[in-house]
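In what follows, a single structure is set out as structure tokens and then discussed.
Atoms within a ligand are numbered from 1 in the order they appear, just like the ligands themselves.
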Amino acid sequence: MARCFVTRQLPGTALDRLAEVHEVDVWPERLPPDPDELRRRTAGARGLLSMVTDRIDGELFDGAPELEAVANCAVGYDNIDVEAAREHGVAVGNTPGVLTGATADLTFALLLSAARRLPQSAASVLEGDWVTWEPGAHLGYDVHGATLGIVGRGRIGEAVARRATGFDMEVLVHSRSCGVSLDELLERSDFVSLHCPLTPETRHLIDAGALARMKPTAILVNTARGPIVDPVALGRALHEGTIAGAALDVTDPEPLPADDPLLSAPNLLVVPHIGSASHAAREKMAELSVDNLLAALAGEPMPHAVT
Ligand code: NAP
């Protein structure tokens with residue numbers, strides 16, 4: 001029996017399976033453990049089930065000599081220093097695939113909401129401003145027939161592309177291994193949707209120069225990771241009308257403080273990192289995380305190892 005620290009309570013019954021075999025310590029609070037608490041609870045543990053909100057770095061590994069496995073309850077693992085894990089002999093796993101559909105659905109929800117100005121028009125009803133049908137009010141942009149540019153043609157990018165074909169959209173893709181150049185994608189797209197991982201190469205991939213290449217009628221959607229977009233440049237582009245709008249599931253920082261200057265930008269829709277937040281997806285993510293921990297603690301390869 002190994003001691004495992006789980007940094008948040010999880011939906012579903014996956015943790016019961018872990019607790020049948022191992023001693024499980026689950027962080028009970030709504031907010032994540034701070035770095036000191038995370039180090040304290042992980043010291044002496046052989047397994048760690050972490051979230052995107054946990055910074056897993058060399059210092060944590062130094063203080064947890066018995067740690068054998070980190071199972072991240074997410075497909076992205078930019079919160080983990082994978083190189084430091086390798087140096088410390090700690091296996092790292094993630095949860096690919098089971099959140100692809102949920103995240104692609106949310107991407108389309110954001111795209112449609114921003115294009116057709118759902119937040120603004122719904123707010124006008126609550127504010128008592130729906131006084132008549134107006135031919136020139138609440139005008140947005142057509143999604144059907146428009147060109148969608150997908151940056152990062154992986155599982156989620158492909159799933160978004162499949163949804164786009166149902167809307168008769170033309171789809172452009174840009175990845176390192178295939179598709180058009182990023183500049184061409186930015187210049188031709190009516191909607192630009194980000195689906196690449198956060199890496200040193202993609203940090204601020206969408207900066208002032210990239211935003212300037214987009215059409216003034218274009219909308220940026222980010223359900224990947226916040227720091228892929230330069231928030232200062234995005235705020236300026238929205239204020240100056242360089243682009244028509246942005247819809248973000250992820251921001252930099254997260255959470256975005258209520259007084260963050262970006263939130264004063266026009267035509268901006270922000271939701272609190274809910275890409276995978278369907279009952280089914282979150283329960284499957286918990287199951288995969290537990291599968292990864294159980295395998296690693298039994299001395300077997302993780303079924304979903306980060307390489
Ligand atoms: P994936 O299957 O690994 O796809 C990512 C794709 O990005 C890869 O196919 C890769 O293709 C491409 N890529 C990598 N570096 C690139 C670069 N520098 N420029 C352009 N493309 C690049 O991953 P996924 O499952 O689709 O997930 C994608 C990301 O979405 C995750 O890393 C995560 O951060 C984010 N995510 C967010 C949520 C949420 O809640 N909002 C939920 C799930 C996932 P090439 O090798 O051809 O470049």
Side-chain angles (χ1 to χ4, degrees), residues 8 10-11 50-56 72-80 82 92-111 113 148-164 171-186 189 192-207 209-210 213 220-230 246-256 269-286 288-289 304-307:
R8 223 69 79 76
L10 296 176
S50 57
M51 313 292 140
V52 290
T53 41
D54 303 314
R55 182 95 246 128
I56 314 291
N72 209 38
C73 193
V75 64
Y77 47 87
D78 44 277
N79 58 309
I80 300 176
V82 175
V92 177
N94 66 344
T95 65
V98 294
L99 39 43
T100 296
T103 308
D105 289 350
L106 195 269
T107 302
F108 243 82
L110 287 176
L111 190 156
S113 297
L148 170 63
I150 292 177
V151 179
R153 187 187 186 162
R155 286 171 293 255
I156 298 170
E158 285 281 357
V160 171
R162 285 196 296 277
R163 284 154 178 75
V171 176
L172 301 174
V173 294
H174 165 75
S175 267
R176 290 167 307 178
S177 59
C178 64
V180 301
S181 70
L182 180 61
D183 285 353
E184 180 179 349
L185 180 145
L186 294 169
S189 298
V192 173
S193 192
L194 306 179
H195 301 289
C196 52
L198 173 62
T199 64
E201 199 184 349
T202 63
R203 184 174 289 274
H204 287 197
L205 184 70
I206 305 301
D207 58 8
R213 285 190 183 275
L220 176 70
V221 181
N222 188 6
T223 60
R225 283 290 182 264
I228 297 170
V229 177
D230 175 347
L248 312 176
D249 180 43
V250 287
T251 58
D252 182 18
E254 280 185 23
L256 207 55
L269 166 59
V270 182
V271 293
H273 201 149
I274 58 169
S276 63
S278 74
H279 293 285
R282 287 280 167 86
E283 287 180 21
K284 286 183 198 152
M285 288 163 70
L288 256 59
S289 305
H304 303 284
V306 167
T307 49

Does any donor atom in the side chain of Thr202 or Arg225 lie under 3.5 Å from an acceptor atom in the other side chain? no
Pair Thr223-Thr103, side-chain donor/acceptor within less than 3.5 Å: no
Write out the protein residues near ligand 1, meaning a non-hydrogen atom under 4.0 Å from one of its atoms, in order of chain and number. Val75, Gly76, Leu99, Thr103, Gly152, Arg153, Gly154, Arg155, Ile156, His174, Ser175, Arg176, Ser177, His195, Cys196, Pro197, Glu201, Thr202, Thr223, Ala224, Arg225, Asp249, Val250, His273, Gly275, Ser276
Residues 150-161 vs salt bridge (charged side-chain N to carboxylate O under 4.0 Å, His left out), sequence neighbours excluded, gives Arg153-Glu158
With a 3.5 Å distance limit and no angle check, can you tell me whether His174 reaches the backbone of Val180 through a side-chain donor-acceptor pair? yes
By side-chain hydrogen bond (donor to acceptor under 3.5 Å, both in side chains), Asp54 pairs with (sequence neighbours left out) Thr7
In short, salt bridge (charged side-chain N to carboxylate O under 4.0 Å, His left out) pairs touching residues 94-106 with sequence neighbours left out are Asp105-Arg163
